[in-house]
Amino acid sequence: MLRTADVVVIGGGVIGTTITYFLSVAGMQVTLCEVSDIAGGTSSACDGQVLVSNKKPGYDSEVARRSQELLDATAADLPIDIEHHHHGSLLPIDSEDDLEAAAEYVLRRREVGLPMHLLGRDEVLGECPALADDMAGGVLCPQDSVLNPMALAYATSEGARQRGARIQSFTEVLDIELDAAGAVSAVLTSGGRVPTRRAVLAAGVWSPSLAEKVGVDLPVRPRKGHV
């Protein structure tokens, strides 16, 4: 039997490890269970972009902006460099019609405080001379950033471990036990039973099969991306 945990986090990608890190910073005893290695799933194959430019104004863009701020504030405290850099992004516009739509796109985002700029043809080519010279313009978002997702997962899991978390890689979650009132009472893993009152499901596209064990229909469907 593994030791009792305040929280069991299921999934060792960037979401699960980051949750584990911040719970550990808050003083909670956390056990993280990952069926393979840390960042062995989707987090090993994503592009690492942290963008506000492609988010709708409102909730989506605000969450993205706060994510960037949180990464900026946290990076120095992590034991591994996550390679988070604000290189910005440039969206080329190749027709005058699209340039009109882009102007509205930029205006709506500037209204909610996002630092986006509509560039003319010469400005776009000045930013990126390798583009075709028939570009009509472009949208520049200097706040957009990139990071190394595998480094983020390793940094937050190691940072959590240094604060007392148990990082159980190559540990499969077999079941989530509920008590008579329907509350979580333990997580059963291939490494033993972990008594806990809280479980966080952060297994990405593998989450639905685990959610079914506690009677939850989680509408997550896997989608293949190309990077």
Side-chain angles (χ1 to χ4, degrees), residues 2-3 5-52 54-55 60 63-87 89 144-174 176 187 189-191 194 196 198-211 218 220-227:
L2 300 178
R3 73 180 184 185
D6 294 327
V7 185
V8 173
V9 177
I10 305 169
V14 294
I15 302 300
T17 58
T18 303
I19 290 171
T20 300
Y21 173 77
F22 283 105
L23 289 175
S24 300
V25 169
M28 304 188 78
Q29 293 295 319
V30 189
T31 295
L32 181 148
C33 299
E34 163 57 42
V35 69
S36 60
D37 203 352
I38 296 300
T42 305
S43 295
S44 69
C46 61
D47 53 19
Q49 297 184 55
V50 189
L51 307 180
V52 296
N54 66 344
K55 304 297 189 298
D60 287 350
V63 168
R65 177 162 55 183
R66 293 195 181 194
S67 296
Q68 290 180 337
E69 293 171 353
L70 187 60
L71 288 164
D72 288 335
T74 305
D77 295 328
L78 296 174
I80 298 171
D81 181 11
I82 64 173
E83 302 170 28
H84 184 226
H85 304 292
H86 290 272
H87 292 312
S89 65
D144 280 344
S145 62
V146 295
L147 54 74
N148 182 329
M150 295 187 72
L152 177 60
Y154 278 108
T156 49
S157 61
E158 176 59 20
R161 187 194 64 77
Q162 292 176 1
R163 289 166 172 77
R166 289 181 64 87
I167 308 299
Q168 302 286 338
S169 55
F170 300 100
T171 300
E172 182 179 4
V173 171
L174 304 174
I176 301 172
V187 174
T189 81
S190 58
V194 187
T196 186
R198 306 174 185 88
V200 176
L201 185 52
V205 296
W206 294 274
S207 293
S209 61
L210 292 169
L218 193 61
V220 174
R221 304 289 181 265
R223 178 179 65 84
K224 183 178 181 179
H226 297 270
V227 179

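- With a 4.5 Å cut-off on side-chain heavy atoms, His86 and Asp72 count as touching.
- When all heavy atoms of Arg198 and Asp6 are compared, the closest pair comes out as NH1-O, 3.3 Å.
- Atoms CG and CD1, on Leu152 and Ile82 in that order, are 5.0 Å from each other to the nearest 0.5 Å.
- Within the 4.5 Å cutoff, side-chain heavy atoms of Ile176 are placed close to those of Ile10.
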Step by step, would you call Leu78 with Thr156 a side-chain contact (heavy atoms from CB on, under 4.5 Å)? CA-CA 7 Å; Leu78 296 174; Thr156 49; 4.1 Å; yes
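- When all heavy atoms of Pro208 and Val220 are compared, the pair lying nearest together is CG-O, 3.4 Å.
- Scanning all heavy atoms of the two residues, the minimum distance from Pro79 to Gly159 falls at CG-N, 3.8 Å.
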Any chance you could lay out the side-chain contact (heavy atoms from CB on, under 4.5 Å) test for Arg163 and Val25, step after step, and finish with the verdict? CA-CA 7 Å; Arg163 289 166 172 77; Val25 169; 3.6 Å; yes
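- Under the 4.0 Å criterion applied to side-chain N and carboxylate O atoms, Glu158 and Arg161 are assigned as salt-bridge partners.
- Nearest heavy atom pair, residue Ala165 against residue Ser24, reads CB-OG, 3.5 Å.
- For the side chain to side chain contact (heavy atoms under 4.5 Å, CB included) criterion with Pro149, the lone passing option out of Val14, Val50, Asp47, Thr42 is Val14.
- Counting heavy-atom neighbours within 6.0 Å of Ile167 CD1, excluding the residue itself, gives a total above 12.
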For the pair Phe170 and Val35, evaluate side-chain contact (heavy atoms from CB on, under 4.5 Å) and give the outcome as yes or no after the intermediate values. CA-CA 5 Å; Phe170 300 100; Val35 69; over 6 Å; no
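- When each of Val7, Val8, Ile38 is tested with Leu32 by the rule side chain to side chain contact (heavy atoms under 4.5 Å, CB included), just one qualifies, namely Ile38.
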